[in-house]
Amino acid sequence: MDLADDLITDPYGGYEVLRNTSPVHRIQGPDGQPAWIVTRYEDVRAWLADPRLSLDKKHAREGNYHGLQLPPALDANLLNMDPPDHTRLRRLVGKAFTPGRVEQLRASIRATADRLLDVLGEEGSADLIAAYAALLPITVICELLGVPGERRGDFRGWTQALIAPDPNEPTAAKEAVVAMLQFFGHLVAHKRQSPEDDLLSDLIAVRDAEDDRLSEGELMSLVFLILFAGFENTVQLIGNAVWALLQHPEQLVSLRKDPSKIPAAVEELFRYEGPALLAIRRFPVEDITIGGVTVPAGETVLLSLSAANRDPNRFIDPDRLDIERDAGGHLALGHGIHYCLGAPLARTETEIALRALLERFTHLEADGDAPNWRRSLRARGLKELPVRYRACLSA
């Protein structure tokens with residue numbers, strides 16, 4: 001079934017069609033190669049945690065969708081690994097993203113959000129993605145890793161080229177990979193020579209002190225994944241959340257009146273308009289059966305997080321945004337051993353971004369009706385979010 005274009009232009013409508021007709025469908029992947037897509041909540045949740053679906057490309061069959069093509073120095077990351085290597089690497093880096101460690105960053109994140117809003121001024125119009133949603137997470141993740149401030153602007157273009165490549169620029173993705181590889185190599189070399197109080201210096205110390213725990217390729221790949229995912233996903237979490245609230249002004253007013261609702265609202269916003277349409281591709285290590293459909297070993301399986309989060313068999317009236325809903329159990333950040341490593345940080349940044357925005361501007365509205373979504377089968381995100389704002393309704 002060739003629904004790739006429909007799933008880009010109207011993902012929720014396309015996924016509804018798929019859910020209603022069969023639990024599993026054969027479609028074209030983002031690169032045109034075939035893959036199996038799974039859309040029902042019960043199936044998606046179960047298979048996210050099933051070890052028979054491997055992330056390791058060694059189990060992949062030729063002629064199927066394999067995901068992003070990265071050089072070996074960036075490919076040895078958690079999104080391509082099964083236990084025990086996955087367990088080892090996740091343990092090494094996981095301590096930096098625990099809820100307790102993230103809580104220590106709260107004041108710094110809020111200060112960054114306030115500085116960005118100061119730049120916007122009391123009243124005006126702006127692209128909230130470029131001026132706020134993109135700048136907050138890149139500042140936070142780069143400070144955590146110790147990336148120099150003057151290089152942070154490059155990441156938006158690099159991630160855009162990988163996630164939603166422009167068909168008019170066929171070499172952009174490869175050029176982005178080359179640029180990232182060169183940048184990470186220089187950064188690691190610099191931190192090795194002049195370590196500082198940051199996560200990257202800590203990872204280098206682990207690599208150099210205990211060589212069997214972290215290879216050089218794994219080190220580079222971890223840096224890539226933390227920067228890439230820590231930036232890209234949170235940009236879209238914040239941008240999508242603001243857009244959804246602007247389309248539901250009564251719920252925006254409710255949050256402004258009672259900010260204590262924000263943490264629960266964030267979970268519902270993640271469910272309703274999460275950035276990851278699909279979990280990372282997986283490969284069956286043996287023939288498997290999903291919803292009565294046999295998927296041969298080695299073929300590519302795509303588990304649709306967004307389709308599962310709109311499944312009416314799990315969430316009542318799922319196409320309605322309801323910040324009073326108990327959205328617990330949503331799959332926007334995954335499930336199982338590959339549950340998003342940076343989930344505590346993503347939640348905290350989104351909560352703070354919304355709280356700071358609503359406290360600063362008593363009037364906020366979209367500047368135009370037509371959202372400019374990126375064309376991507378993998379990720380849901382806005383290219384820009386034009387808004388009008390002012391700090392006081394009587395101004």
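Along the sequence shown, residues are numbered consecutively beginning with 1.
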TODO: Working to the nearest 0.5 Å, report the span between CG of L305 and CG of L333.
DONE: 9.0 Å
Task: Check: H330/E267 side-chain N/O donor and acceptor closer than 3.5 Å - done: yes
TODO: Please list all pairs passing the salt bridge (charged side-chain N to carboxylate O under 4.0 Å, His left out) test where one or both residues lie in residues 327-344, with sequence neighbours left out.
DONE: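 As it turns out, there is no salt bridge (charged side-chain N to carboxylate O under 4.0 Å, His left out) pair with a partner in residues 327-344 once direct neighbours are skipped.
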Task: Qualifying salt bridge (charged side-chain N to carboxylate O under 4.0 Å, His left out) pairs, either residue in residues 233-248, two or more places apart - done: none
Open item on the list: Using only atom types and a distance under 3.5 Å, with no angle test, would you say the side chain of T234 pairs donor to acceptor with the backbone of G230?
Closed with: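 Yes; judged by distance alone, with no hydrogens or angles, the pair exists.
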Task: Pairs where residues 70-121 contributes a residue and the test ring-ring contact (aromatic ring centres under 6.0 Å, His included) is met, not counting sequence neighbours - done: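 Only H86-H338 qualify under ring-ring contact (aromatic ring centres under 6.0 Å, His included).
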Open item on the list: Which label fits Y389 and F361: parallel for a plane angle under 30°, tilted from 30 to 60°, or perpendicular past 60°?
Closed with: tilted
Open item on the list: For R101, is there any backbone N or O sitting under 3.5 Å from a side-chain donor or acceptor partner on T98?
Closed with: yes
Task: Pairs involving residues 111-147, ordered by first then second residue, that meet ring-ring contact (aromatic ring centres under 6.0 Å, His included) (sequence neighbours left out) - done: none
For residues 171-178, which side-chain donor-acceptor pairs fall under 3.5 Å, sequence neighbours excluded?
unit_1, atom_1, unit_2, atom_2, d
T171, OG1, E175, OE2, 3.0

TODO: Answer whether the closest heavy-atom distance between the side chains of S304 and L277 falls below 4.5 Å.
DONE: no
Task: Side chain S194, main chain K191, donor-acceptor under 3.5 Å - done: no
- [ ] Could you walk me through whether E103 and R106 pass the salt bridge (charged side-chain N to carboxylate O under 4.0 Å, His left out) test, one step at a time?
- [x] CA-CA 5 Å; E103 190 63 27; R106 182 173 288 272; 3.0 Å; yes
Open item on the list: Checking K57 now: which residues fulfil salt bridge (charged side-chain N to carboxylate O under 4.0 Å, His left out) with it, not counting sequence neighbours?
Closed with: D75
Task: ring-ring contact (aromatic ring centres under 6.0 Å, His included) contacts in which one or both residues fall within residues 258-277, not counting sequence neighbours - done: H248-Y272
Open item on the list: Taking CD in Q193 as the centre, count heavy atoms belonging to other residues, nucleotides or ligands within less than 6.0 Å. Is the count above 12?
Closed with: no
TODO: Group every Ile, Leu, Val, Met, Phe, Trp and Tyr by side-chain heavy-atom contacts under 4.5 Å, then state whether F184 and L203 land in the same group.
DONE: yes
Task: V293-L53 co-clustered via ILVMFWY side chain contacts under 4.5 Å - done: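 Shared cluster, yes.
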Task: Spacing of T350 atom OG1 and Q236 atom CD [to the nearest 0.5 Å] - done: 11.0 Å
Task: salt bridge (charged side-chain N to carboxylate O under 4.0 Å, His left out) against R256, all qualifying residues, sequence neighbours excluded - done: none
TODO: With the side chain counted from C-beta on, respond yes when E349 and V102 share a heavy-atom pair under 4.5 Å apart, and no when they do not.
DONE: no
TODO: May I ask you to establish whether R281 and Y65 are in a cation-pi arrangement, using a distance under 6.0 Å from NZ or CZ to the six-membered ring centre and at most 45° from the ring axis?
DONE: no
Task: Atom CG of D317 with >12 non-hydrogen neighbours under 6.0 angstrom - done: yes
Open item on the list: Between the side chains of R378 and E232, is the shortest nitrogen-to-carboxylate-oxygen separation below 4.0 Å, so that they form an ion pair?
Closed with: no
- [ ] Give every residue pair that meets the salt bridge (charged side-chain N to carboxylate O under 4.0 Å, His left out) criterion with at least one member in residues 321-341, sequence neighbours excluded.
- [x] K261-E324, E268-R325, R320-D322
Open item on the list: Using 0.5 Å steps for rounding, measure from the OG1 atom of T348 to the CD atom of E351.
Closed with: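 That separation rounds to 5.5 Å.
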TODO: Taking H59 for its side chain and S54 for its backbone only, find out whether a donor-acceptor pair lies under 3.5 Å.
DONE: no
Open item on the list: Tell me which pairs pass salt bridge (charged side-chain N to carboxylate O under 4.0 Å, His left out) where either residue lies in residues 32-50, with sequence neighbours left out.
Closed with: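 Of all non-adjacent pairs touching residues 32-50, those that pass salt bridge (charged side-chain N to carboxylate O under 4.0 Å, His left out) are D50-R52.
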Task: Partner set under salt bridge (charged side-chain N to carboxylate O under 4.0 Å, His left out) for D311, not counting sequence neighbours - done: none
- [ ] Would you give the length of the straight line joining atom CG of L382 to atom CD1 of I238, rounded to the nearest 0.5 angstrom?
- [x]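 The CG atom of L382 sits 12.5 Å away from the CD1 atom of I238.
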Task: Rounded distance (nearest 0.5 Å) linking atom CD of E218 with atom CG of L92 - done: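 That separation rounds to 8.5 Å.
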Open item on the list: Could you check whether any side-chain N or O of D287 sits under 3.5 Å from a backbone N or O of A297, counting only pairs where one atom can act as donor and the other as acceptor?
Closed with: yes
Task: T39 side chain vs Y15 backbone, donor-acceptor pair below 3.5 Å - done: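 The answer is no, because no donor-acceptor pair under 3.5 Å joins these two groups.
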Task: Check: N64 side chain, Q33 main-chain N or O, donor-acceptor pair, under 3.5 Å - done: no
- [ ] Using a strict 4.0 Å threshold on nitrogen-to-oxygen distance, state whether R88 and D85 make a salt bridge.
- [x] yes
TODO: Decide whether L269 and I352 are clustered together by the hydrophobic rule: side chain heavy atoms of Ile, Leu, Val, Met, Phe, Trp, Tyr closer than 4.5 Å, transitively.
DONE: yes
Open item on the list: Count I, L, V, M, F, W, Y as connected when their side-chain heavy atoms are under 4.5 Å apart, and connections chain through other members. Are L364 and W243 then in the same cluster?
Closed with: yes
Open item on the list: Using the salt bridge (charged side-chain N to carboxylate O under 4.0 Å, His left out) criterion, which residues pair with R380? Sequence neighbours excluded.
Closed with: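 Only E273 meet the salt bridge (charged side-chain N to carboxylate O under 4.0 Å, His left out) criterion with R380.
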Open item on the list: Looking at N77 and S221, would you say the former's side chain and the latter's main chain have a donor-acceptor pair under 3.5 Å?
Closed with: no
Task: Heavy-atom donor-acceptor pair, D56 side chain to M81 backbone, under 3.5 Å - done: no
Task: Shared hydrophobic cluster for V24 and I27 (ILVMFWY, side-chain gaps under 4.5 Å) - done: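 As far as the 4.5 Å side-chain criterion goes, I27 and V24 are not connected within one cluster.
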Task: Main-chain N/O of L321 paired with Q251 side-chain donor or acceptor, under 3.5 Å - done: yes
